[in-house]
J.: 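Right, I'll just put the structure down here and ask away after.
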Number of protein chains: 2
Amino acid sequence: MPTIADVAQAAGVSISTVSYVMSGKRTISQETRDRVEQAMVDLAYSPQASARSLASRSTSVLGLQAPIRAGVDVHVVMQIVAGALKEARVHHHDILLLTSDDAAGVERAARAGMVDGVLILDVETSDPRVGTLAELSIPSVLIGLPEGADQLVCVDFDFEAAGRLAAQRLAERGHTTVALLGAPPQVQARHTSYSDRLTRGFRAASAEVGLTATIHSCPAGPGATEVVDALLTDSPETTALFVHNEAALPFIAARLMGSASPIEIIALSPAELALPVPGVSDVIDLPAEELGAAGARALLAAIRGERQLGAELLAPRFAGEAG
Amino acid sequence: MPTIADVAQAAGVSISTVSYVMSGKRTISQETRDRVEQAMVDLAYSPQASARSLASRSTSVLGLQAPIRAGVDVHVVMQIVAGALKEARVHHHDILLLTSDDAAGVERAARAGMVDGVLILDVETSDPRVGTLAELSIPSVLIGLPEGADQLVCVDFDFEAAGRLAAQRLAERGHTTVALLGAPPQVQARHTSYSDRLTRGFRAASAEVGLTATIHSCPAGPGATEVVDALLTDSPETTALFVHNEAALPFIAARLMGSASPIEIIALSPAELALPVPGVSDVIDLPAEELGAAGARALLAAIRGERQLGAELLAPRFAGEAG
DNA sequence: CTGAAAGCGCTAACAG
DNA sequence: CTGTTAGCGCTTTCAG
């Protein structure tokens, strides 16, 4: 493997000139630049990450702590990771994978200087990691909205606004009694905060627009149909459902297809998951990939020292409609 | 951040002694060792990855090229990644994420010396990456079984044996006419090789045990029911299904619940996905997490120079039965 | 059993 | 506009 010294020699310049050609941190005559670049190509040179990192005291690596395990929202996690990775690569950064299972992992990676910052997924309302993160010598960004969010950099989807948006849409459509079918009980129990925020927005806006709204949690899979049946029995005047549970949505929709009274369904879900489901009239997109990208952008900004503490919320919008 | 020099000074020894205490590469008196370890704890020392890597010419990082995108098998990919990550951590290694979308990514990471080896997922039968990998200066392991597998290190599930196992089980159960419901057409078109191998094993063993077997590909989701309907019309003598499509399985099972003639279903799927589906009598587990772990183990062995080229296949077994 | 010291390949002053 | 050089923090000979 050629080193920077080989390139310098081949181009007939000093080592520092080669370095400055790469970094662009000082002006180089076009002629010299050409010779150096030609030499780099000829030798198939690529700078060594560890040497660069040792000298510059910065890796070009972001840590990503994600819940890599079986679970309801694998799909969403994947998309967030995909978005973060793509955005990181655009800015010439790589991603080191850290799991939520390995609580000390983030600190370990930070202390070893393996990463310039960390992006944390799967944040809970009152998250024990929050304290540790503030102690870290490197910046961190959370995807989620825990308590104490103003002391951290957080990025999340605006679930509360999404709840409001859904209620408004249902009111516009002329409904008067509606129901929110939310996450499975286990998820709610984990207090990831988003179902609380969604419910709050939906409740508040329903009250404002004169909608009678009931709230239900709903298991994934076939079990969802039982919840629907119970709901239609208990409040038969319900004419519309707002479903925030992509794993239950197909079953709910299928159950209502055969129903005598027409019931409208709108959903909050990654658009490509909910749009194909027959019987769903409107979808508020959960922009998971964009969320990952926004998280990575915020982290990169924080690393550059250009990011203030506080939360940034992505505005909801209906799939297929202008934002 | 304290350096190795700080530790040496605090312990009253030389830098090299501290280094050797960490690496264990030469014998150190218990007394000295204790003093050094105490100093490390007192100073909360952690060695810096980039310096270590520059001097030792090895990172403790594995590259993982995974298809991080929306798709049918997100769940399986997640599990493989989880298994690889867990195994890597056990051996004090980290994982740098690389996407399949970024074809040059593996080479880039290798040339920059960011990783000691790469684990490649989502391998296709005739994979263009295979050539590039052989040129790499670092070892690589594929999870999958492409052409030319004997020139590489490959780890995969033994789909052919799984096909045979399924046919044998169905014959034991007294069936005479059976059907294989496989992956969606798009997946088959991608030639990831596993559906071919599964089919080959199923066909061969069926012939051996005198089973009449038909093969069908099957879309994920509700569309699967149509395939089942067509199948039951075309070959009404079919009494058992072997399903290799976890996304279609619940729909197939649901469709057959109401069927007049009892049809047995066995499945090839991650066990925890298929076992809860009512009406499925036996499940050949697709040990995705174990596959990821085996891949990581093989890669670590290759890095140590202890791994021969060639394929390693994980034997199939029924969930809940001894292997 | 332990120390001294020469790099590893790069960045970024400092010096022209 | 370009060159010289002192580190960055560690591993690993070479010398006791």
Side-chain angles (χ1 to χ4, degrees), chain A residues 1-37 39-40 43-61 92 108-116 137-138, chain B residues 1-37 39-40 43-61 92 108-116 137-138:
Chain A
M1 289 287 100
T3 73
I4 194 172
D6 298 326
V7 175
Q9 189 168 24
V13 299
S14 73
I15 283 184
S16 58
T17 297
V18 177
S19 177
Y20 284 118
V21 165
M22 295 192 284
S23 69
K25 287 189 181 173
R26 76 183 184 190
T27 44
I28 306 276
S29 73
Q30 187 58 48
E31 187 199 8
T32 307
R33 174 184 301 281
D34 289 345
R35 277 217 314 289
V36 170
E37 284 173 345
M40 296 201 293
L43 299 178
Y45 169 73
S46 36
Q48 189 142 315
S50 56
R52 174 172 277 185
S53 158
L54 177 58
S56 69
R57 334 189 110 269
S58 88
T59 66
S60 284
V61 179
H92 306 290
R108 186 181 52 79
R111 293 175 41 95
M114 305 182 76
V115 295
D116 292 342
S137 54
I138 54 172
Chain B
M1 290 286 100
T3 71
I4 194 174
D6 298 326
V7 175
Q9 190 168 25
V13 299
S14 74
I15 284 182
S16 57
T17 297
V18 177
S19 178
Y20 285 117
V21 165
M22 295 193 284
S23 68
K25 288 188 181 174
R26 76 184 185 190
T27 44
I28 305 276
S29 73
Q30 188 59 50
E31 186 198 10
T32 307
R33 173 184 303 281
D34 289 346
R35 277 218 315 287
V36 170
E37 284 173 347
M40 297 201 293
L43 299 177
Y45 169 73
S46 33
Q48 188 139 316
S50 56
R52 174 172 277 187
S53 157
L54 176 58
S56 69
R57 333 188 111 267
S58 89
T59 65
S60 285
V61 180
H92 306 291
R108 186 182 53 79
R111 293 175 44 94
M114 305 182 75
V115 295
D116 291 342
S137 54
I138 54 172

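We name chains A, B, ... by the order of the sequence lines, and we start the count at 1 in each one. Note that this is a predicted model, so its numbers are computed, not measured.
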J.: Between the opening five pairs and the closing five pairs of the helix from C:dC1-D:dG16 to C:dG16-D:dC1, how far apart are the helix axes, to 10°?
T.: 40°
J.: Can you measure from CD1 (A:Ile4) to CD (A:Gln48) and round to the nearest 0.5 angstrom?
T.: 11.5 Å
J.: Write down the protein N/O and nucleotide N/O pairs, taken from nucleotides 13-15 of chain C, whose separation is under 3.5 Å; answer none if there are no such pairs.
T.:
unit_1 : atom_1 : unit_2  : atom_2 : d
C:dA13 : N7     : A:Tyr20 : OH     : 3.4

J.: If I take atom CE from residue A:Met1 and atom CG from residue A:Leu43, how far apart are they, to the nearest 0.5 angstrom?
T.: 10.5 Å
J.: Work out which heavy atom in A:Ser46 is nearest to a heavy atom in B:Ala112; give both atom names and the distance.
T.: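 That would be OG-N, 4.4 Å.
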J.: Could you work out, with side-chain hydrogen bond (donor to acceptor under 3.5 Å, both in side chains) as the rule, every residue matching B:Ser60, not counting sequence neighbours?
T.: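 Per chain and number, B:Ser60 pairs via side-chain hydrogen bond (donor to acceptor under 3.5 Å, both in side chains) with no residue.
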J.: Can a side chain N or O of A:Lys25 be found less than 4.0 Å away from OP1 or OP2 on C:dA12?
T.: yes
J.: Using every non-hydrogen atom in the two residues, find where B:Val21 and B:Arg33 come nearest and quote the distance to one decimal.
T.: O-NH1, 4.0 Å
J.: Taking atom CE of B:Met114 and atom CE of A:Met114, what is their separation to the nearest 0.5 Å?
T.: 9.5 Å
J.: Take the protein atom CZ of A:Arg52 and the nucleotide atom P of C:dC10, then report the distance between them rounded to whole Å.
T.: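 One finds 8 Å between P of C:dC10 and CZ of A:Arg52, rounded.
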J.: By a strict heavy-atom criterion of less than 4.0 Å, which residues belonging to residues 2-14 of chain A are in contact with DNA chain C?
T.: A:Thr3, A:Ile4
J.: State which residues pass salt bridge (charged side-chain N to carboxylate O under 4.0 Å, His left out) with B:Arg108; sequence neighbours excluded, sorted by chain then number.
T.: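 Testing B:Arg108 for salt bridge (charged side-chain N to carboxylate O under 4.0 Å, His left out), a comparison that skips the adjacent residues, returns A:Asp94.
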J.: Distance from A:Ser19 atom OG to A:Arg26 atom CZ, nearest 0.5 Å?
T.: 8.5 Å
J.: Is A:Ser19 near enough to C:dC10 that one of its side-chain N or O atoms lies under 4.0 angstrom from OP1 or OP2?
T.: no
J.: By nearest heavy atom, map B:Ala55 and B:Glu31 onto DNA chain C; which one lands nearer the 5' end?
T.: B:Glu31
J.: Which part of the nucleic acid does A:Met1 contact within heavy-atom distance under 4.0 Å: base, sugar-phosphate only, or nothing?
T.: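 A:Met1: no heavy atom of the nucleic acid under 4.0 Å.
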J.: Tell me the interatomic distance from A:Arg57, atom CZ, to C:dT11, atom C1', rounded to whole angstroms.
T.: 11 Å
J.: Distance under 4.0 Å to a non-hydrogen atom of chain A counts as contact; along DNA chain D, which nucleotides mark the start and end?
T.: D:dC1 to D:dG9
J.: When we call it a touch if two heavy atoms are under 4.0 Å apart, what does B:Ile15 touch: a base, just sugar-phosphate, or nothing?
T.: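 If one applies the 4.0 Å heavy-atom cut-off, B:Ile15 turns out to touch a base.
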J.: Take a 6.0 Å sphere around CD of B:Gln9 and say whether it holds more than 12 heavy atoms from other residues, nucleotides or ligands.
T.: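 Open.
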J.: Looking at B:Asp6 and B:Thr3, what are the two nearest heavy atoms and their distance?
T.: OD2-N, 2.8 Å
J.: In Å and rounded to the nearest 0.5 Å, what is the CZ to CE distance from B:Arg52 to B:Met22?
T.: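 Nearest 0.5 Å value for the CZ-CE distance: 5.0 Å.
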J.: Just how far is it from atom CZ of B:Arg57 to atom CG of B:Asp116, taken to the nearest 0.5 Å?
T.: 12.0 Å
J.: Is it true that a side-chain atom of A:Asp34 and a backbone atom of A:Glu31 form a donor plus acceptor pair closer than 3.5 Å?
T.: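 No, because the side chain of A:Asp34 does not come within donor-acceptor range (under 3.5 Å) of the backbone of A:Glu31.
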J.: Base, sugar-phosphate alone, or nothing: which one does B:Thr32 contact when heavy atoms must sit under 4.0 Å apart?
T.: sugar-phosphate
